[in-house]
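Take a look at the structure set out below.
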Amino acid sequence: MTPLEILKKTYGYDAFRSVQAEVIDHIIAGGSAFLVMPTGGGKSLCYQIPSLCREGIGIIISPLIALMQDQIIAMQQIGVHAATINSSMSESAVSEVFASVRAGDLDMLYVAPERLLMPTFLNFLAEIKVALFAIDEAHCVSQWGHDFRPHYQALEVLAKRFPMVPRIALTATADTPTRNDIILRLGLQNGRTFITGFDRPNIHYEIAAKENTKKQILNFIKSKHHNDSGIIYCLSRKKTEETAQWLCDEGYQALPYHAGMNPQNRNHNQARFLREDGIIMVATIAFGMGIDKPDVRFVIHLSLPKNIEAYYQETGRAGRDGLPANALMIYGVGDLSQLRIFIDEGNSSQVQKRIEHQKLNSLIGLCETTSCRRQVLLQYFGDNCSPCNNCDACLKPAEVFDATIAAQKAISCVFRTQNRFGIVYLIDVLLGKANERMIGFGHDKVSTFGIGSEYNKSEWTSIYRQLIAKNLLQINAETNGLQITQAGHDFLKSKSQLFLRKFTERKAERRRKNATAWLDNANDFAARSLFDQLKAARTAVAKAQNLPPYVIFHDKTLLEMASKRPMSQDDFAQISGVGEVKIARYGEVFLEVIRKFDGG
Ligand code: ADP
Ligand code: ZN
């Protein structure tokens, strides 16, 4: 079969996307490749189809067992033979898989790098026919990347030991230094590099200053995501538990997930998130890598992520199915100083720390930008776009004001109080609110005492945050106080003009935007109700096999069924995402729902 025939028959899709066809042909012809494509872009097909076309078995290297298992279940659903060997399996189960590989019964085998690198495993590979090596989440190879894993670096052995076997490295997030490093480390200099755009046009980005976090979360969920699956990221374990409990009290189905929980509870919560509809997972960043759930509709950050790559990867978990999704970040200055401290107190080398600080600066730039968020994000990865009209900055453009005098006052106040105090203290001085501590330091006598009454506390907070983002002030990691940078001194001396974003309390957005909004907008009550019935049928089918609903069919596929209403198997086969095996297994169940619906 040709790649296109496999795409149609096995996967049920009509056409390849972006560079898929090119990559697949290149690998089938024996070439190696490096592929950078955003989450949900369709990377998996780029090694799965060549594994099916080439002689031998495809070896897929992936960092997490959960990720492998998800993929294997999905493969089995479409009739492809895939298996894994990993540390959670018994010895006899492992020998069984080895035997099936020898017998040529498998198309693909998923392993973690630790397993692959075992001498016995490498020797085993030398005895069999390998179709290709796919190195998933390839940014783990690089120290420049955001999730470095030392075992990944040892994968350079593949190029040396198996020079004739094609290698394909894949990642969704890598800036330029990381990309170069991956190519070097994995010996891909002679392969081809494919970089598609990084954009995730279906995700709406919004970044808001912390005002009243709970109110902000409730507004967001109520107005846009009632009954949707979503992820809320917090920095601390305690915060995940508190937030999950609070959301439950508010009537939502929320579960905590963090590294401190016992593995049983954690896995249980993860399984519920995957298998049930409408669960909100409140998690530390320990959650999410390898979560392929396609219908996560929103991601909220309650604190700053580590850097832009991490932000992009974490928000990228929303809307993998291509339907509209929302990313909201709520941040305050406290997060910023906390992250600076984490970096400084970490075990990394000085060079590494400098990289991390720089990356954090770029993130602050994103938070405080007055131009399109997507432009800032894509520029970070070396891409360009015009204003997107699908981010808060585009839809509610920020007003700016001449902040020259305000900035001079704010910075002078830092200077008059000896570069040692935090924002709350500085604002008290500006507003002339003396307390004992301040009087003790004599700061009720400085020239900036009480000169800032034209703005209130929130406005001064916003001004200070923007001055930090513009690098006129910085947070001293030791004292946690603000200090003036060289640029800040230059600004005071030059008396140049400065514009900052106006502080406005954000109002809840009026426009509803969610995945099934088109059904509601079209007032297509019939399609809406058929869609709900198809979903119920899917849940029943999934439950009977103890599988997550989305491996049966994606929402997107059900939406298409609800609008096209196929009556025959032939019509059914035309729906995107319906391949031969799925027609045979589930066609009648879903056709029955549609026929009944139309009949009555
Ligand atoms: P990635 O690994 O890049 O995040 P996946 O490989 O998981 O993305 O693909 C994302 C979704 O898009 C999957 O549901 C996949 O089946 C679907 N998909 C991939 N290629 C195509 C295509 N050519 N046409 C339609 N859907 C596709
Ligand atoms: Zn925009």
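FYI, the numbering just counts along the sequence from 1.
- Pairing each heavy atom of Ile308 with each of Ser362, the nearest pair is CD1-O, 3.6 Å.
- A distance-only check finds a donor-acceptor pair linking the side chain of Thr404 to the backbone of Leu498 [under 3.5 Å].
- For Ala318 against Val299, the heavy-atom pair with the smallest separation is CB-CG2, 3.9 Å.
- Going from atom CG of Leu378 over to atom CG of Asn384 covers 8.0 Å, rounded to the nearest 0.5 Å.
- Between the Gln375 side chain and the Cys385 main chain, a donor and an acceptor come within less than 3.5 Å of each other.
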Test ring pair (Phe, Tyr, Trp, His ring centres under 6.0 Å) applied to Phe441 and Phe421, step by step
CA-CA 11 Å; Phe441 286 120; Phe421 293 89; 5.2 Å; yes
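- To the nearest 0.5 Å, atom OH of residue Tyr152 and atom CD1 of residue Ile135 are 8.0 Å apart.
- Considering CD1 of Ile463 and CD1 of Ile427, their distance stands at 8.5 Å, rounded to 0.5 Å.
- Of all non-hydrogen atoms in Thr240 and Tyr257, the two that sit nearest each other are CG2-O, 4.3 Å.
- The shortest heavy-atom contact between Thr39 and Gly316 is CG2-O, 3.5 Å.
- Glu459 places a side-chain N or O within 3.5 Å of a backbone atom of Asn456 that can act as its donor or acceptor partner.
- Remark: Asp344 does not engage Lys353 in a salt bridge, criterion side-chain N to carboxylate O under 4.0 Å.
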Could you go step by step and tell me if Ser447 and Arg416 meet the side chain to side chain donor-acceptor pair (under 3.5 Å) rule?
CA-CA 8 Å; Ser447 58; Arg416 296 291 164 203; 3.3 Å; yes
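- When only modelled atom types and interatomic distance are considered, Asn390 and His204 share no side-chain donor-acceptor pair under 3.5 Å.
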Would Met261 and Asn269 count as a side-chain contact (heavy atoms from CB on, under 4.5 Å) if you check the C-alpha gap in whole Å, the side-chain angles of each, and the deciding distance to 0.1 Å?
CA-CA 10 Å; Met261 288 166 66; Asn269 285 358; 3.5 Å; yes
Determine, stepwise, if the pair Leu274 / Gln270 fulfils side-chain contact (heavy atoms from CB on, under 4.5 Å).
CA-CA 6 Å; Leu274 296 178; Gln270 171 162 329; 4.2 Å; yes
CA sep, side-chain torsions, deciding dist, call: Arg237, Glu242, salt bridge (Lys or Arg N to Asp or Glu O under 4.0 Å):
CA-CA 9 Å; Arg237 298 168 181 187; Glu242 282 171 8; over 6 Å; no
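- No side-chain donor-acceptor contact under 3.5 Å links Arg320 and Tyr550.
- Between Glu356 and Arg340 there is no salt bridge, since no side-chain N of the basic residue sits under 4.0 Å from a carboxylate O of the acidic one.
- Residue-environment remark: NZ (Lys210) exceeds the threshold of 12 foreign heavy atoms within 6.0 Å.
- In the model, Asp383 has no side-chain atom that pairs as donor or acceptor with a side-chain atom of Gln379 under 3.5 Å.
- Note that Arg465 lies in the cation-pi zone of Tyr331, set by a 6.0 Å cut-off to the ring centre and a 45° limit from the axis.
- Distance alone, capped at 3.5 Å, is enough to place a donor-acceptor pair between the Arg179 side chain and the Ala174 backbone.
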Please walk me through it: do Ser236 and Thr284 pass side-chain contact (heavy atoms from CB on, under 4.5 Å)?
CA-CA 7 Å; Ser236 73; Thr284 56; over 6 Å; no
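- Of all heavy-atom pairs spanning Leu35 and Lys43, the tightest one is CD2-CG, 4.1 Å.
- With 3.5 Å as the limit, one finds a donor-acceptor pair spanning the side chains of Gln466 and Ser462.
- Rounding to the nearest 0.5 Å gives a distance of 11.0 Å between CG of Leu430 and NZ of Lys433.
- Between Tyr312 and Tyr205, the ring planes are parallel. Angles under 30° get that label, and only those over 60° would be called perpendicular.
- Of the possible polar contacts, none joining the Asp428 side chain to the Asn435 backbone as a donor-acceptor pair under 3.5 Å is found.
- Looking only at distances, a side-chain donor or acceptor of Ser223 sits under 3.5 Å from a matching main-chain atom of Asn219.
- Using a 4.0 Å cut-off between a side-chain N of Lys or Arg and a carboxylate O of Asp or Glu, Lys293 and Asp70 do not qualify as a salt bridge.
- Aromatic ring pairs are classed by plane angle as parallel below 30°, tilted from 30° to 60° and perpendicular above 60°; the pair Tyr311 and His301 is tilted.
- Here Glu314 does not pair with Lys306 in a salt bridge; the nearest charged N to carboxylate O distance is not below 4.0 Å.
- A donor and an acceptor atom, one from each side chain of Asp181 and His139, are nowhere located under 3.5 Å apart.
- Across all their heavy atoms, Ile280 and Asp228 have their closest contact at CG1-O, 4.3 Å.
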Evaluate the criterion side chain to side chain donor-acceptor pair (under 3.5 Å) for residue pair Asp490 and Gln486; output intermediate values, then yes/no.
CA-CA 6 Å; Asp490 295 347; Gln486 190 53 49; 3.1 Å; yes
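- For the residue pair Glu241/His258, the side-chain donor-acceptor check at 3.5 Å is satisfied.
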Step by step, would you call Glu211 with Lys215 a salt bridge (Lys or Arg N to Asp or Glu O under 4.0 Å)?
CA-CA 8 Å; Glu211 289 156 24; Lys215 212 165 117 191; over 6 Å; no
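- Between Asp321 and the options Lys556, Arg297, Arg200, a salt bridge (charged side-chain N to carboxylate O under 4.0 Å, His left out) holds for only Arg297.
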Phe499 vs Gln497, side-chain contact (heavy atoms from CB on, under 4.5 Å): CA-CA, chis, key distance, verdict:
CA-CA 7 Å; Phe499 285 89; Gln497 222 182 4; 3.9 Å; yes
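- Looking at His554 and Asp295, their side chains never bring a donor and an acceptor atom within 3.5 Å of each other.
- Judged purely by atom type and a 3.5 angstrom limit, Trp460 has no side-chain atom pairing as donor or acceptor with the backbone of Ser453.
- Here the straight-line distance linking atom CD of Glu368 with atom CG of Leu467 works out to 9.5 Å at 0.5 Å rounding.
- In the model, Asp249 has a side-chain atom that pairs as donor or acceptor with a side-chain atom of Gln245 under 3.5 Å.
- Ser142 and Arg185 share no donor-acceptor pair across their side chains, judged by distance under 3.5 Å alone.
- Glu309 and Tyr380 form a side-chain donor-acceptor contact under 3.5 Å, judged by distance and modelled atom types alone.
- Under the 3.5 Å distance criterion, the side-chain polar atoms of Ser303 are left unmatched by any main-chain donor or acceptor of Cys234.
- We find the CG-SG distance between Leu377 and Cys388 to be 9.5 Å, quoted to the nearest 0.5 Å.
- Here the side chain of Gln20 pairs a donor or acceptor atom with the backbone of Gly42 at under 3.5 angstrom.
- Ring centroid separation for the pair His443 and Tyr425 comes in under the 6.0 Å cut-off.
- Panel note: side chain Arg373, backbone Ala393; no donor-acceptor pair is recorded below 3.5 Å.
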